[in-house]
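Convention: sequence-line order gives letters A, B, ...; per-chain numbering from 1. Only heavy atoms go into these numbers, but all of them, side chains included; no hydrogens, no water, no symmetry mates. Remember, predicted model here, so these are calculated numbers, not experimental data.
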Amino acid sequence: GSGDSGAKESSAGTDKKNVSAEEDGESYRVGFIVGSREHVFYNLIEDAIKEKCDEIGIEALCYDGELDANVQSNHIENLVAQDVDAIALATVDAAGVGPAIEAADAAGIPVFTFDSPCTTVDCIVCHVGTDNVKGGELGAQECIRLLGDKGGTAGIIGNPASSSCLDRENGFLDIMEKEAPDNVEVSFNGNYQGDANIAASLVQDWLTADPDLGVIFATGDPACTGALASIKAAGADTLIVGYDGNPEAIKAIYAQDEDGKWWVSEISQNPPLIGSTIVEQVYKYLKTGKVDAKNIPIEPYIITYEYIVDNNLMSE
Amino acid sequence: METKGVMEKPILQVKEITKTFPGVKALTDVSIDFYPGEVHALLGENGAGKSTLIKIISGVYIPTKGTLIFEQKERAYKNPGEALNLGISVIHQELSIANELSVAENIFIGREPGKGKQRFLLDRRKMERDAQKALSLMGVNFKATDIAGDLSAAQQQMIEIAKVITRNSKLVIMDEPTSSLSDSEIEALFKQIEMLKKNNVAIIYITHRLKELKVVADRITVLRDGIVVKKSLYEDITESEIVASMVGRKISDYYNKQQHIRKEEMLRVEGLTVKGVFEDVSFAAYKGEILGVAGLVGAGRTEVMETIFADKKKASGKVFIKGKEIELKNSREAIANKIGFATEDRRRTGLMLEASVKNNIVLPSLRRKAMKKAFVNPKWEKKVCDEYFGKLDIKTPGRETIIKNLSGGNQQKVILAKWLVAESEILILDEPTRGIDVNAKSEFYNLMNEFVDAGGCIIMVSSELPEILGVADRVIVMREGHLSGELNRAEMSELNIMQLASIQSEAESNTPRQADGASNLQSSKLRGI
Amino acid sequence: MGKAKEWSEKNAVVIVLIVLIIFFGIANSTFLTPANIINITAQMSINAMLTIGITFVIITGGIDISVGSVAAFAGIFSAYIGLKFPKAPLIGILGIQLGSAIFIGTICGAFIGIAIAKFKVVPMIATLAMMTSARGLAYVVTDGQPVYGLPNKFAWLGAGRLITTEKMKNGVIPIITIFLVIILILMHILLSRTIFGRHVYAVGSNEKVSHLSGINVDAVKIKVHILCSIMAALGGVCVTSKLNNGQPAACDTYEMYAIAATVLGGTSLLGGIGSVLRAMFGCAIIAIINNGMNLMQISSYWQKVIMGMIILVAVIIDMAQKKEKK
Amino acid sequence: MGKAKEWSEKNAVVIVLIVLIIFFGIANSTFLTPANIINITAQMSINAMLTIGITFVIITGGIDISVGSVAAFAGIFSAYIGLKFPKAPLIGILGIQLGSAIFIGTICGAFIGIAIAKFKVVPMIATLAMMTSARGLAYVVTDGQPVYGLPNKFAWLGAGRLITTEKMKNGVIPIITIFLVIILILMHILLSRTIFGRHVYAVGSNEKVSHLSGINVDAVKIKVHILCSIMAALGGVCVTSKLNNGQPAACDTYEMYAIAATVLGGTSLLGGIGSVLRAMFGCAIIAIINNGMNLMQISSYWQKVIMGMIILVAVIIDMAQKKEKK
Ligand SMILES: Nc1ncnc2c1ncn2[C@@H]1O[C@H](COP(=O)(O)OP(=O)(O)OP(=O)(O)O)[C@@H](O)[C@H]1O
Ligand SMILES: Nc1ncnc2c1ncn2[C@@H]1O[C@H](COP(=O)(O)OP(=O)(O)OP(=O)(O)O)[C@@H](O)[C@H]1O
Ligand SMILES: [Mg+2]
Ligand SMILES: [Mg+2]
């Protein structure tokens with residue numbers, strides 16, 4: 001409900017600002033490339049980006065990176081041809097799209113990254129994003145907490161094709177190896193390929209092999225959806241720790257007597273904050289030539305039922 | 001037959017039908033009446049418009065102009081289904097078999113018997129029973145449950161015949177139904193035609209084998225270049241008059257038999273065997289002669305030729321070319337040894353139908369005439385095409401014309417040109433004049449003679465006795481996978497060849513195949529000179 | 001002896017299936033447990049629905065690569081309708097699910113069928129266009145978000161099980177498996193016992209002859225594509241039901257496994273030959289490889305490689321047997 | 001008048017292309033700028049390489065859906081080799097890139113070709129198996145991680161540009177475009193002027209006739225698949241070069257656009273007819289739709305829908321023109 005009115009407000013605001021910006025001769029056009037429009041996480045970032053841009057009077061050109069570096073590279077080229085004032089992108093992985101970024105830089109267009117950093121070039125002005133490894137570590141800690149003194153088995157549903165998911169997986173496995181007590185064991189590791197139905201089959205197979213599977217860490221919300229379906233169907237007591245913090249997850253966790261019986265926690269990266277922060281930094285750089293820091297981390301945090309209640313996330 | 005006495009109303013009247021294809025006027029103001037209980041033969045050279053006319057009658061094509069009056073009512077149907085429903089059924093010139101389906105399914109295709117009121121569920125039993133009944137009536141040697149694609153061309157043609165017979169049609173059209181049938185099967189067909197006539201069915205019959213007319217035709221119409229040039233009762237006209245009206249001139253002896261001078265041996269096979277197909281075949285062919293290979297359909301002649309051309313693997317036997325034994329591994333080596341092979345099925349194994357005339361002609365010779373080993377030589381291509389268009393009098397709008405648009409006779413000449421360009425010295429021609437009109441045939445025989453006179457060697461497989469007698473210098477005869485004899489020019493006669501091709505000792509003549517052979521002798525009159 | 005050989009010629013795929021079952025049975029102790037076998041039947045159901053539809057299309061000599069996208073689109077559609085009726089009884093929900101599948105399937109299939117039959121677009125391109133468009137539309141209507149908050153009864157079809165026992169408290173027989181068996185029987189009868197089924201084979205075997213024999217070839221093609229899209233849509237609705245959640249990304253690339261299953265089941269890509277029953281062997285092979293490798297904890301990367309190779313080998317064995325016969 | 005009509009019959013696709021250019025040119029001011037036109041030529045290059053290879057295969061009457069995966073695998077392979085020689089000169093790097101493409105392309109293509117020609121596996125399934133396996137292997141060898149840290153020179157082929165001007169400091173002419181043009185000319189000559197090219201058409205027109213005319217049909221098929229895989233591998237190597245890193249997920253589903261481009265370029269999926277030059281029109285259409293819609297800020301969801309529909313409409317127009325001629 002609140003989103004709608006906000007959108008109306010801001011669009012009205014844009015018109016006014018555009019006029020004033022033109023008078024000042026400083027209407028900025030900035031290109032944003034999200035990782036993929038097929039992921040809710042990026043869609044939430046994009047929504048925040050658009051909202052923030054409307055608010056401060058930046059013309060946002062948003063593109064779908066399709067989780068394909070070649071596509072992202074093409075978008076960057078096209079943005080250079082359009083002579084935008086700045087480019088901000090969520091690279092597919094740490095390797096990034098080096099040559100295209102360097103070409104943009106050489107053409108005098110500053111490049112920013114968000115969500116996933118690019119380690120292969122030095123010319124990135126600023127990166128805003130969550131440390132996914134850290135998110136994975138948080139997930140592992142949460143799993144250990146949920147298993148409690150009794151301990152038990154854990155499984156992880158990954159999606160190594162996406163580097164953020166891979167980072168989460170690595171963080172998770174690292175902590176599980178280092179910090180887990182002896183009675184906690186990671187006995188399953190699967191790839192759901194971004195497909196909830198595949199996640200469902202994976203979990204179904206795991207539960208057949210181990211009906212007492214204690215907890216599942218899912219590196220993305222679609223995997224939680226699939227896992228939940230199979231756990232319910234099997235009548236198991238396995239708990240789910242998700243990742244992303246999408247509205248769907250919040251609703252599920254909040255329904256304590258239903259889906260919340262299994263889906264209990266969620267690691268969130270705060271996509272709206274990532275989106276608004278990157279816009280702020282771009283704006284600041286275009287105005288002043290400076291950013292707050294070269295790397296602005298957005299801390300991941302854990303969403304539980306208590307968190308939802310405390311922060312009034314489900315007030316309607 | 002006394003059918004002509006029955007002067008009923010025509011069941012079908014074709015009135016001033018004109019059909020144009022882009023660039024071709026296939027039919028011009030054609031008007032013909034067809035009567036029930038009568039066989040009406042439609043005659044004409046290749047491309048005269050016969051098939052086009054029957055396709056219009058059966059709803060495949062829509063005429064550009066003119067009307068069809070069927071059972072005294074003007075009809076304009078949009079698809080073949082509507083014509084079928086009126087009782088018009090057709091055996092098309094091209095085999096119309098669904099290879100993957102059973103014989104019964106083919107016979108009842110499009111009108112499968114249903115169960116219950118809705119006719120939603122298939123009544124398979126009834127379908128197979130009825131199909132088997134029709135097949136038994138025709139005396140064929142295969143079952144309703146056989147898969148159609150596994151059968152020979154002749155057997156498939158019998159399926160087609162069964163299809164129209166079981167339809168209870170009022171008008172049955174047969175476009176060259178006998179071109180792939182053996183004499184015994186032709187006889188079975190003619191019996192069925194008699195039955196249809198008795199049931200007062202009208203029949204339109206197209207053929208290039210004029211001898212057949214004597215047995216079946218009541219009335220004839222001759223088309224030339226899409227125009228009706230002759231209409232007559234069969235008994236009122238002679239064969240030479242028919243030929244003259246078809247061709248537009250008189251052809252006295254279209255075989256144009258010439259005496260060739262036989263020279264040294266070109267090809268010899270010894271004990272050639274492919275298990276289960278033919279055994280121990282030995283013969284020789286010489287420079288300067290046309291060697292005929294006679295036999296009934298299915299005797300194994302095609303397989304022998306395919307084996308010589310190394311398209312089929314032999315189990316044993318030797319092949320000598322110019323006296324030297326040569327082990328040919330594949331057709332490429334056969335071509336390198338100057339053998340050319342024009343197959344019996346032009347459309348499927350002879351031509352790239354969608355490709356140009358030029359590409360069809362030069363295909364086997366490309367490598368030999370390459371520039372710098374790898375490149376096509378376009379100048380040579382043009383030159384050689386033009387040269388052979390002239391030499392063989394190939395009628396085509398141009399080198400780049402898609403070959404399927406050429407008439408059958410010209411297609412056959414293109415195939416000949418292809419092997420001449422490949423510098424073949426031994427030419428194997430399998431049923432070279434099947435489906436070709438008299439004029440084209442006569443031209444083709446002349447070309448064969450020229451080739452032989454220039455020092456070539458031809459092996460001609462043919463099921464047409466007149467053709468063998470008229471063209472070959474010597475003939476070898478095959479019967480059921482064996483070489484049953486050889487006849488030189490002096491010994492060659494219809495009777496001698498048929499004896500070698502079919503006669504078995506009385507004791508053996510119980511199996512169906514041999515029974516076929518026996519009846520062949522009688523029916524051979526149909527095709528005899 | 002001769003009979004066994006003849007049987008093996010026709011049923012090379014069954015032999016591959018048996019070998020796989022024996023292999024995984026030995027390699028993993030869970031594999032042959034009743035619970036796991038039941039899981040496999042449930043897991044193969046969705047692919048099986050797509051496969052049944054594709055088999056019809058392939059028998060007519062066509063191809064359909066849009067089934068995954070159509071499935072996703074129909075699944076989302078059913079979810080939206082489901083959201084509108086949170087209090088519907090089970091029978092109503094089932095009506096919504098079947099209705100959505102039939103509605104979306106008919107529209108998509110008619111579109112494809114008309115493009116192919118009337119506008120003579122090659123099937124590969126017509127269905128490629130549908131694949132791209134239906135997927136795009138699935139994202140457009142959902143704005144990329146999953147559709148959630150469905151009533152629990154919505155999951156009955158895809159995730160429910162009948163007959164509970166001591167050991168299997170959530171039920172033994174997956175409803176989706178029963179549903180599949182019903183569809184399978186109906187579709188098998190449609191293909192093998194009806195006149196329409198004969199026409200499907202006839203069109204695939206020889207289109208020209210079918211036309212000349214009065215079969216309305218265009219109508220057969222359109223009907224078959226509608227049928228295929230409805231089957232795909234049913235698969236998509238079942239996924240949505242199973243997850244109790246509509247995902248725009250659902251069933252991505254499932255068409256490939258459906259095509260592979262069809263071919264493994266002996267259906268010829270050239271048309272005219274095939275069977276929906278045998279296609280189920282293909283589905284079973286694929287489901288078993290997936291399930292077995294999951295149980296054996298084989299890395300998902302290797303799973304892809306192995307899956308590709310097993311499909312290839314199975315088809316080669318099948319081919320070799322058929323060639324020998326010739 | 002008649003000539004113009006005849007021309008339009010043969011070149012419906014060119015007309016579609018021109019209409020699209022005019023439309024986007026009016027709709028967006030950036031579209032017809034030199035910088036953008038250059039971008040389009042560079043952006044279409046990779047799809048163009050895959051398309052050239054697929055065109056050869058389709059002319060022989062086959063199909064190849066593995067090109068995207070083979071491209072990814074070859075790209076990764078080249079990246080690993082590139083990592084081993086950080087100090088190599090440009091010419092050495094180019095050697096590594098071409099060598100990798102030829103090496104991986106030959107292996108993959110030979111594998112596919114032999115499965116099809118010798119083991120009689122239908123092309124769809126043989127290449128499906130390769131698609132799955134090559135993608136799996138790409139993940140296996142990289143363990144899912146991108147391969148990065150390549151020397152800068154590695155990016156010359158895919159991202160470099162020649163001739164710098166005041167306004168375009170990065171260079172005007174993309175090297176990848178030059179590379180494509182060279183390949184295109186070579187492949188066009190190979191297809192249209194050589195004996196091998198004729199044999200490719202002949203096999204697609206009629207296998208039996210080709211065989212009886214002394215053509216080694218199996219060899220032609222194997223060679224064509226090797227060629228196709230090499231072209232795909234070149235595309236993959238160019239992607240790796242363009243990104244200066246190797247991605248196991250690269251070129252996913254690119255086969256579909258390559259097939260669409262081939263068909264748009266007038267190549268018949270039935271074989272025997274086609275041209276690599278005309279296939280470039282297909283690639284251009286796809287690249288222009290992508291680029292134009294991006295510039296117009298059309299949502300990527302709608303882009304999918306629109307792309308599907310334009311491909312369909314283009315093929316329908318092409319078909320309608322050809323049918324009219326008949
Ligand atoms: N679909 C078509 N498109 C263009 N021209 C055609 C078509 N069908 C037939 N023709 C032309 O129409 C003319 C008549 O052909 P038709 O097939 O009727 O001859 P026909 O008398 O049956 O010859 P044949 O004895 O060889 O069967 C020929 O010139 C042929 O090339
Ligand atoms: N592909 C095949 N599979 C099984 N049997 C075959 C096949 N081809 C031909 N035959 C059988 O082999 C025998 C010889 O056939 P072939 O075609 O060589 O005879 P032919 O004398 O050339 O007759 P035709 O005049 O029909 O060409 C026949 O009995 C035929 O049915
Ligand atoms: Mg004819
Ligand atoms: Mg023969």
Side-chain angles (χ1 to χ4, degrees), chain A residues 31 33-34 36-38 43 46 59-84 91-108 118-121 158-163 165-167 169-170 191 193-194, chain D residues 28-31 33-40 42-44 46-47 79 139 142-150 152 154-156 158-161 167-171 174 238-254 287 290-291 294-295 297 299-301 303-304:
Chain A
I33 305 167
V34 296
S36 160
R37 284 219 179 96
E38 302 192 355
N43 291 342
E46 188 178 338
E59 186 190 339
L61 308 175
C62 291
Y63 294 101
D64 181 356
E66 298 175 28
L67 282 182
D68 182 331
N70 180 35
V71 170
Q72 294 197 332
S73 180
N74 291 347
H75 287 324
I76 295 173
E77 284 173 5
N78 292 344
L79 287 167
V80 173
Q82 291 178 79
D83 202 21
V84 291
T91 59
V92 173
D93 53 48
V97 281
I101 292 175
E102 279 169 343
D105 185 60
C118 174
T119 58
T120 53
V121 291
N159 180 18
S162 137
S163 76
C165 287
L166 196 62
D167 285 347
E169 186 176 330
N170 289 336
N191 172 6
Q193 299 165 35
Chain D
N28 187 284
S29 58
T30 316
F31 184 76
T33 57
N36 192 54
I37 292 169
I38 291 166
N39 277 351
I40 293 175
Q43 286 166 12
M44 68 179 268
I46 286 154
N47 184 27
Y139 277 104
T142 58
D143 204 19
Q145 314 270 3
V147 185
Y148 57 97
L150 291 168
N152 271 338
F154 206 89
W156 188 79
R161 296 199 171 187
K167 273 184 84 180
M168 303 178 83
K169 283 178 225 111
N170 278 333
C238 285
V239 170
T240 299
S241 167
K242 179 174 170 184
L243 305 171
N244 212 21
N245 73 59
Q247 302 258 347
C251 301
D252 196 20
T253 72
Y254 283 23
N290 263 325
N291 175 280
N294 279 333
L295 291 181
Q297 282 284 296
S299 123
S300 61
Y301 305 149
Q303 287 197 15
K304 273 179 187 267

The interface call for Ile46(D) against chain A, heavy-atom contacts under 4.5 Å, is side chain

Okay, Ser300(D) and chain A: the region with an atom under 4.5 Å from a heavy atom over there is both

Rounded to the nearest 0.5 Å, the OG atom of Ser29(D) sits from the CD atom of Gln82(A) at a distance of 8.0 Å

Max heavy-atom pairs within cutoff under 4.5 Å with chain D, candidates Asn191(A), Val97(A), Asn70(A), goes to Asn70(A)

**OP:** Indicate yes or no for a side-chain donor-acceptor contact from Gln297(D) to the backbone of Cys62(A) under 3.5 Å, with no hydrogens or angles considered.
**Re:** yes

Residue from Leu67(A), Leu61(A), Asn74(A) scoring the most non-hydrogen pairs under 4.5 Å with chain D is Asn74(A)

Review point. Are the side chain of Tyr63(A) and the backbone of Asn294(D) linked by a donor-acceptor contact shorter than 3.5 Å?
Key: yes

Scored by heavy-atom pairs under 4.5 Å with chain D, the best of Ser73(A), Gly108(A), Ala107(A) is Ser73(A)

message: Counting only heavy atoms from other residues, nucleotides and ligands, does the tally under 6.0 Å from OH of Tyr301(D) exceed 12?
response: yes

When the 4.5 angstrom heavy-atom criterion is applied to Val80(A) and chain D, the contacting part is neither

Between the CG atom in Leu295(D) and the CG atom in Asn78(A), the distance rounded to the nearest 0.5 Å is 5.5 Å

Between the CD1 atom in Ile101(A) and the CG atom in Asn244(D), the distance rounded to the nearest 0.5 Å is 11.5 Å

Rounding to 0.5 Å, atoms CG (Asp167(A)) and CD (Gln145(D)) come to a distance of 7.5 Å

All heavy atoms of Pro99(A) vs all of Ser241(D), minimum pair found to be CG-O, 4.1 Å

Turns out that what part of Asp68(A) lies under 4.5 Å from chain D's heavy atoms comes down to side chain

One option among Leu79(A), Leu166(A), Thr119(A), Asp83(A) has the most heavy-atom pairs under 4.5 Å with chain D, and it is Leu166(A)

When rounded to the nearest 0.5 Å, the distance separating CD of Glu77(A) from CG of Asn36(D) is 10.0 Å

Okay, Asn170(A) and chain D: the region with an atom under 4.5 Å from a heavy atom over there is side chain

The interface call for Tyr254(D) against chain A, heavy-atom contacts under 4.5 Å, is side chain

